[in-house]
Amino acid sequence: MNSMRLSKYYMPTLKEDPTDADIASHKLMLRAGMIRALSSGVYSYLPLGYRIIRKVENIVREEMDKSGALEILMPAMQTAEIWQESGRWEDFGPLMIKFEDRKKRQYCLGPTHEEVVADMIRDEIRSYKDLPYNLYQIQTKVRDEIRPRFGLLRAREFIMKDAYTLDTDYEGLDEQYQVMYDTYSSIFERCGLETRVVRADSGAMGGSSSHEFMVLADTGEDELAFCSSCDYAANVERAEAFIELDESGEKVKSDLKEIHTPGAKTIEDLVDMLELPDTKMVKSMAYIADGEPVVALIRGDDQLNEVKLKNYLGAVELRPAHPEEFEEIFGSIAGFIGPVNLSDDVKVIADRKIKELNGVVTGANKKDYHYINVDIERDMNEIEDYLPLRKVIAGDKCPECHGGLEIKSGIEVGHIFKLGTKYSESMNATYLDDNGREQPIVMGSYGIGITRTVAAAIEQNHDEKGIVWPVPIAPYKVIILPLGNSDDVDEAAENLYTELNEAGIETILDDRDERAGVKFNDAELIGIPLRITIGSRSLKDDKFELQIRRTGEESMLDKENAIDQIEELLSKIT
RNA sequence: CGGGCUGUGGCGCAGUUUGGUAGCGCACCUGUUUUGGGAACAGGGGGUCCUGAGUUCAAAUCUCAGCAGCCCGACCA
């Protein structure tokens, strides 16, 4: 039965905010009795929470099925061998929870399933006639996140829908990719969420093209660049601004000069000390990329986009150098590193904008000294390449229409990738084409964070009183609050409850022996779209009181045709 | 992994400075009265004070080590 009595439901609500939580969705899910933590980033889903998760799952399932995808369920426990085969046992390394069985064979808990899919199909798919396919599952994923946080927004264990397309060629992949793009749009729209699609970096998944589906919210961990004039939209990790370079630059006439800059370790310090603008300074950022030292140069007023640096280097791991490494590896010192007379072992890469600069300030690679009048060609170490390495900021020009870019934050709820043949080649998942030649299967992979979507929905739909569920994913559509202690009220509530159930409207009956205030507050906290209050006050006129959670709008319902009125309202509100 | 904060009944906290054997609010149990926005009164149950070692006649409190949680930075649905 799609309904319930609160007196028998397990919904431990909290009056006060838990101290561990500090964003809306985390606090409210704990307070509404939806989730409880077992460990950092590991949660139990209580009846109310799980019901909402299932609402989202079902929408996802329906739309995936409609798209022609086939639901499967793969092992959560995966062997080390398939990961070694694809080469990701090291790449994904620390992100995986690894363990061994009694025979000392190594396993991990699946953080994703490209390897398993490839393994599963490679012995079965032999011919181009067997393709294409789209296989998906809804399953718990485990990732040993560096820093789990924000409740279900970044958990170590979470529910994900992941799909994998298999095609003979890139045209097929493009087609299935587009189908998934459209399917994802419908899914989030059906969930009642406002999402934006952005171009994305494909990160550890590899592959060529990818898009992310983002719920716009201030608490989002991703920064997104949107053009205000055209439809350009990209994750800042991947966004690139249009830059007009002025390369006419004259040579620097003055000699390179070392100056004393005691304690000036940051660009800000230098601006104050030298009274020069930060645009005349070059920031040198020291990194270790898979063990190799790299220095990235960007203009003093810019921020480095580490993802771009990492991608250019093709590095698996990129991290800032530790202070002691500055001396040992770079032949420099933290806070005063610069591309002049730097150790030749260090690779130097610069942002495009560096090219047009001259007569700049850089670190002198010794404590409390900088160089001024630095000429890029004359004085600096060899620069391996000039690339767009700077982070895009609000006000930059759109790369497509040169309009203005704005930056917003968002929560990534879906991500689609064109993987290509990365996994099929490494794992030997091939088919025979119509010439009898062996070809790698062309793959795509498509994820939706189910539990994250639930959290994102709350981030987007709450007020000071609690959650405001969009109707399609609301755990129940109506909550009935009988107030006072009269048999008439109880009977009317019971009758309405039965009628609503018969009409197929998911309804909660708050039959707890609680005071009015408790019932009102819990109803608001758990965010049920329609609240029907039954009390002797209005019942004597054969009326029920109705309130819409989202707007707070109140009205009276006639006892006689209450069901019709409720059905009509539910079809209208969001 | 680096930096910061915090661990005291289920939840939120005080007590730690100055060591003396644990307290408040909520929740919970019993009873009475209440009953339209988180009731009142009376009685009651529940705590390895994160763990371990140390100092001391005596440790929630002091020392050391460890663990866990949260927040700020690199990963991702």
Identify whether any heavy atom of A:Glu157 sits under 4.0 Å from a base atom; if not, whether one sits that close to sugar-phosphate; answer base, sugar-phosphate or nothing.
-> nothing

Atom pair CH2 (A:Trp469) and CZ (A:Arg549), whose distance is rounded to the nearest 0.5 Å | 11.5 Å

Think A:Lys265 forms a cation-pi with A:Phe336, using NZ or CZ under 6.0 Å from the six-ring centre and within 45 degrees of its axis?
-> no

Applying the 3.5 Å cut-off to both distances, the Watson-Crick or G-U partner of B:A42 turns out to be B:U30

Specify the separation, in whole Å, of atom CZ of A:Phe417 and atom P of B:C76.
-> 8 Å

Quick one: which of B:G37, B:A74, B:G36 gets closest to the side chain of A:Glu306?
-> B:A74

Among B:G37, B:C72, B:A77, find the nucleotide with the atom closest to the side chain of A:Met160.
-> B:A77

With a distance cut-off below 6.0 Å to the six-membered ring centre and an angular limit of 45° from the axis, does A:Arg51 pair with A:Tyr476 as a cation-pi contact?
-> yes

Could you state the atom-to-atom distance from CG of A:Asp144 to P of B:C76 in whole Å?
-> 14 Å

Would you indicate what A:Gly414 reaches in the nucleic acid, counting non-hydrogen atoms under 4.0 angstrom: base, sugar-phosphate, or nothing?
-> sugar-phosphate

Starting at the 5' end of RNA chain B, which residue's closest nucleotide do you reach first, A:Gly517 or A:Ile146?
-> A:Gly517

Any luck finding a side-chain donor-acceptor pair between A:Ser209 and A:Arg199 under 3.5 Å?
-> no

Using Watson-Crick or G-U wobble geometry with both distances below 3.5 Å, tell me the partner of B:C62, or none.
-> B:G54

Compute both the distance and the angle, then confirm whether A:Lys98 meets the cation-pi test with A:Trp89: under 6.0 Å from the six-membered ring centre, within 45 degrees of the axis.
-> yes

Pick base, sugar-phosphate or nothing for A:Ala200, based on heavy-atom distances below 4.0 Å to the nucleic acid.
-> nothing

Hey, what do you get for OG (A:Ser210) to OH (A:Tyr446), rounding to the nearest 0.5 Å?
-> 11.0 Å

Check: B:C76 base within 3.5 Å donor-acceptor of A:Arg143 side chain = no

Expressed as a whole number of Å, how far does the P atom of B:G54 sit from that of B:U18?
-> 25 Å

Going from CG on A:Asp490 to CG on A:Asp487, what distance comes out if it is rounded to the nearest 0.5 angstrom?
-> 6.5 Å

By nearest-heavy-atom nucleotide on RNA chain B, the more 5' of A:Arg156 and A:Ile448 is A:Arg156

Atom pair distance, as rounded to whole Å: CD in A:Glu223 and P in B:C76 = 16 Å

Describe the nucleic acid contact of A:Asp522 in one word from base, sugar-phosphate, nothing, applying a heavy-atom distance below 4.0 Å.
-> base

From the candidates B:G38, B:C72, B:G36, the one with an atom nearest any side-chain atom of A:Val518 is B:G38

On a plain distance test, is the side chain of A:Arg452 in donor-acceptor contact with the base of B:C76 below 3.5 Å?
-> yes

For A:His113, ring pair (Phe, Tyr, Trp, His ring centres under 6.0 Å) partners two or more places apart = none

Just to confirm, is there a sub-4.0 Å distance from OP1 or OP2 of B:G69 to any side-chain nitrogen or oxygen of A:Ser39?
-> yes

Can you tell me if the side-chain N/O atoms of A:Arg31 get under 4.0 Å from OP1 or OP2 in B:G38?
-> no

Pairwise side-chain hydrogen bond (donor to acceptor under 3.5 Å, both in side chains) hits with a residue in residues 15-28 of chain A, at least two apart | A:Ser25-A:Glu459, A:His26-A:Tyr43

Sort me out a list of protein N/O and nucleotides 45-51 of chain B N/O pairs below 3.5 Å, or just none if empty.
none

For nucleotides 12-15 of chain B, give me every protein contact, N/O to N/O, under 3.5 Å, one pair per line with atom names.
from	atom 1	to	atom 2	distance (Å)
B:G12	OP1	A:Thr19	N	3.3
B:G12	OP1	A:Thr19	OG1	3.0
B:G12	O2'	A:Glu16	OE2	3.4
B:C13	OP2	A:Thr19	OG1	3.2

Can you check the A:Phe150 CZ to B:C76 P distance for me, whole Å?
-> 17 Å

The contact string for nucleotides 27-35 of chain B, one letter per nucleotide 5' to 3', using protein heavy atoms under 4.0 Å with B, S and - for base, sugar-phosphate only and none, comes out as -------BB

Considering only atom C1', compute the distance from B:C67 to B:U48 and round it to an integer number of Å.
-> 15 Å

Searching all strands shown, indicate the nucleotide that pairs with B:C24 (Watson-Crick or G-U wobble; both distances under 3.5 Å).
-> B:G12

Would you mind reading off the distance between A:Ile97 atom CD1 and B:C75 atom P, rounded to a whole angstrom?
-> 19 Å

Report yes or no: do A:Arg88 and A:Tyr423 form a side-chain donor-acceptor pair below 3.5 Å?
-> yes

Taking OP1 and OP2 of B:C71, is either one under 4.0 Å from a side-chain nitrogen or oxygen of A:Arg147?
-> yes

With A:His211 via ring pair (Phe, Tyr, Trp, His ring centres under 6.0 Å) - residues at least two apart = A:Tyr177, A:Tyr181

Distance-only polar pair, side chains of A:Glu545 and A:Ser538, donor-acceptor under 3.5 Å = yes

To the nearest Å, give me how far apart CD (A:Glu237) and P (B:C75) are.
-> 7 Å

In Å and rounded to the nearest 0.5 Å, what is the NZ to OG distance from A:Lys418 to A:Ser445?
-> 13.0 Å

Base, sugar-phosphate alone, or nothing: which one does A:Arg512 contact when heavy atoms must sit under 4.0 Å apart?
-> nothing

A:Glu554 CD - B:G36 P separation (whole Å) | 16 Å

Please evaluate the base of B:G37 for a donor-acceptor partner in the side chain of A:Arg531 within a cut-off of under 3.5 Å?
-> yes

Expressed in angstrom and rounded to an integer, what is the separation of A:Lys519 atom NZ from B:A39 atom C1'?
-> 15 Å

Tell me whether A:Phe158 is stacked on the nucleobase of B:A77, counting only the six-membered base ring and applying the 5.5 Å and 30° thresholds.
-> yes

For B:C5, what is the paired nucleotide under Watson-Crick or G-U wobble rules, both distances under 3.5 Å?
-> B:G69

Just checking, any donor-acceptor pair under 3.5 angstrom between side chains of A:Asp182 and A:Ser185?
-> no

The Watson-Crick or G-U wobble partner of B:A77, with both key distances under 3.5 Å, is none

